[in-house]
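One structure below.
Here the structure is a predicted model, which is why all the values come from computation and not from measurement.
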Amino acid sequence: MGKQRLFQDIAEKISDFISDGVFPPGSRLPGERDLAERFGVSRVTIREAAIALQAVGKVDIRTGSGIYVSDDQPAAQNALPEVSAFELTEARSLIEAEAAALAAKSISDESLAELDRLIEEMASSDKEVALAADREFHAVIARASANKAMVYTIETLWRMREELPTVKSSYDVVCYDDAQLLAKEHKDILEALKARDPVVARRAMREHFRRLISTMLDASEKEAMREVQQRLRASRVRFLDSSVPG
């Protein structure tokens, strides 16, 4: 077991060097002897570490030539996929609607009181406070579903919402412009949960995301129109407004 852990440790260290650019893609790693001396292990351990790295696509072992860093590095284990704001919102609508339906059957009075408090915080003029309250509102409902897989999935969807730049910018444009409407949508969800009605809870959550997608489409349309108008103005200046020699 100790030997197995040793070569795994060395593989992780070499992987870190690759990620940090010490060994860039396409480059040849130092020879087994040099690596063994650098890490204070045997050449056999280096060889086992290299095989482990090749198995996950980090390196390419070329017989008679050496160990080379793969040009195409595998994505990090926790890396998020590149998705659009529309794709993310569609997924959230499907998954969080079912979470709300599950939560309606067993949510506690304490969780309902917490949701009441969070709705008040969502009305804050501080967008960071409002965002934190919004996220926690959905997290409370996810936890109330009593389904760990659902909780994990919803947490990951929120990571996409906050960590993917294009998604975050789309949400920032539309989410908190109408605080009163946002509060009403969340209150509708809360009232359905208080009534212990899974059908209405599912519908209220879906309606929340349907409105969000509609608002995103309106914003996208306005942005597209703005870009068209800019191009037309530039063309007008170029072709009509500039003086043309006679």
Inset, instruction - Could you list the residues that satisfy ring pair (Phe, Tyr, Trp, His ring centres under 6.0 Å) with Tyr68, not counting sequence neighbours? - result: none
Legend entry - Side chain to side chain, Glu48 and Ile51, heavy atoms closer than 4.5 Å: no
Inset, instruction - Taking the side chain as every heavy atom from C-beta outward, state whether Met216 and Leu212 have any pair of such atoms under 4.5 Å apart. - result: yes
Legend entry - Linked, directly or transitively: Ile141 and Phe209 (ILVMFWY side chains, under 4.5 Å): yes
Legend entry - Closest heavy-atom pair and its distance - Pro198, Ala101: CB-O, 3.3 Å
Inset, instruction - Without swapping roles, check the side chain of Ser214 against the backbone of Arg210 for a donor-acceptor pair under 3.5 Å. - result: no
Legend entry - side chain to side chain donor-acceptor pair (under 3.5 Å) involving Lys105 - partner list, sequence neighbours excluded: none
Inset, instruction - Return the set of residues passing salt bridge (charged side-chain N to carboxylate O under 4.0 Å, His left out) with Arg202 (not counting sequence neighbours), or none when no residue passes. - result: Glu98
Legend entry - Listed once per pair and sorted, the side chain to side chain donor-acceptor pair (under 3.5 Å) pairs that draw on residues 22-39, sequence neighbours left out: Glu32-Arg47
Inset, instruction - Answer yes if the side chains of Asp188 and His208 hold a donor-acceptor pair under 3.5 Å, and no otherwise. - result: no
Inset, instruction - Indicate yes or no for a side-chain donor-acceptor contact from Ser124 to the backbone of Ala130 under 3.5 Å, with no hydrogens or angles considered. - result: no
Inset, instruction - Specify the closest pair of heavy atoms between Val69 and Pro24, including all atoms of both residues, with the distance to one decimal. - result: CB-O, 3.4 Å
Legend entry - Side-chain heavy-atom pair Gln230, Arg226 within 4.5 angstrom cut-off: yes
Inset, instruction - Can you sort out the partners of Glu121 under salt bridge (charged side-chain N to carboxylate O under 4.0 Å, His left out), two or more places apart, ordered by chain and number? - result: Arg117
Inset, instruction - Using the rule that two of Ile, Leu, Val, Met, Phe, Trp, Tyr join whenever any of their side-chain heavy atoms come within less than 4.5 Å, decide whether Val83 and Leu80 are in one cluster. - result: yes
Inset, instruction - Can you see which heavy atom on Leu157 is nearest to which on Ala91, and at what distance? - result: CD2-CB, 4.2 Å
Legend entry - Pairs satisfying salt bridge (Lys or Arg N to Asp or Glu O under 4.0 Å), at least one member in residues 81-95, at least two apart: Arg92-Glu96
Legend entry - Verify same cluster id: Leu193, Val200 (apolar side-chain graph, 4.5 Å): no
Inset, instruction - Might you work through the side chain to side chain contact (heavy atoms under 4.5 Å, CB included) test for Thr45 and Phe39, ending with a clear yes or no? - result: CA-CA 10 Å; Thr45 300; Phe39 294 114; over 6 Å; no
Inset, instruction - Can you sort out the partners of Asp197 under salt bridge (charged side-chain N to carboxylate O under 4.0 Å, His left out), two or more places apart, ordered by chain and number? - result: none
Inset, instruction - Would you give the length of the straight line joining atom NZ of Lys58 to atom OG of Ser15, rounded to the nearest 0.5 angstrom? - result: 3.5 Å
Legend entry - Note, Val44 side chain near Phe7 side chain (heavy atom, < 4.5 Å): no
Inset, instruction - Measure the NZ-CG distance between Lys187 and Leu182 for me, rounded to the nearest 0.5 Å. - result: 11.0 Å
Inset, instruction - Could you tell me which non-hydrogen atom of Asp109 sits nearest to which non-hydrogen atom of Arg196, and how far apart they are? - result: OD1-NH2, 3.1 Å
Inset, instruction - Please say whether more than 12 non-hydrogen atoms of neighbouring residues, nucleotides or ligands are located less than 6.0 Å from CG in Asp20. - result: yes
Inset, instruction - Keeping the roles fixed (side chain from Ser93, backbone from Thr89), state whether a donor-acceptor pair exists under 3.5 Å. - result: no
Inset, instruction - Measure the acute angle between the ring planes of His138 and Trp158, then classify it against the limits of 30° and 60° as parallel, tilted or perpendicular. - result: tilted
Legend entry - Residues in side chain to side chain donor-acceptor pair (under 3.5 Å) contact with Asp126, at least two apart in sequence or another chain: none
Legend entry - Single-linkage hydrophobic cluster Val56~Ile46, side-chain heavy atoms < 4.5 angstrom: no
Inset, instruction - Mark yes or no for whether Gln54, through its side chain, and Ile61, through its backbone, hold a donor-acceptor pair below 3.5 Å. - result: yes
Legend entry - Of all pairs that satisfy salt bridge (Lys or Arg N to Asp or Glu O under 4.0 Å), the ones with a partner from residues 140-155, not counting sequence neighbours: Glu136-Arg143
Inset, instruction - Would you indicate whether the side-chain heavy atoms of Ile67 and Ile14 approach each other to under 4.5 Å? - result: no
Legend entry - Non-hydrogen side-chain atoms of Val167 and Met160 separated by less than 4.5 Å: no
Inset, instruction - State which residues pass ring pair (Phe, Tyr, Trp, His ring centres under 6.0 Å) with Phe17; sequence neighbours excluded, sorted by chain then number. - result: Phe23
Legend entry - Pairwise distance CD1(Ile95) to OG1(Thr153) - rounded to 0.5 angstrom: 5.5 Å
Inset, instruction - Taking salt bridge (charged side-chain N to carboxylate O under 4.0 Å, His left out) as the test, write out the residues that go with Arg62, two or more places apart. - result: Asp60
Legend entry - Distance (rounded to the nearest 0.5 Å) between Lys168 NZ and Leu88 CG: 13.5 Å
Legend entry - Heavy-atom closest pair, residues Gly57 and Ser70: O-OG, 3.0 Å
Inset, instruction - Might you confirm whether atom CD of Glu163 has over 12 heavy atoms from other residues, nucleotides or ligands at distances under 6.0 Å? - result: yes
Inset, instruction - Starting at CG of Leu131, measure out to CD of Glu162 and round the result to the nearest 0.5 Å. - result: 5.0 Å
Inset, instruction - Is it possible for you to say whether Leu6 and Leu53 belong to one hydrophobic cluster, with membership spreading through side-chain heavy-atom contacts below 4.5 Å? - result: yes
Legend entry - Atom pair CG/CD1 of Leu29 and Ile18 - distance to nearest 0.5 Å: 6.0 Å
Inset, instruction - Measure across Ser106 and Ala144 and return the closest heavy-atom pair with its distance rounded to 0.1 Å. - result: OG-O, 3.4 Å
Legend entry - With Lys194 via side chain to side chain donor-acceptor pair (under 3.5 Å) - residues at least two apart: Asp116
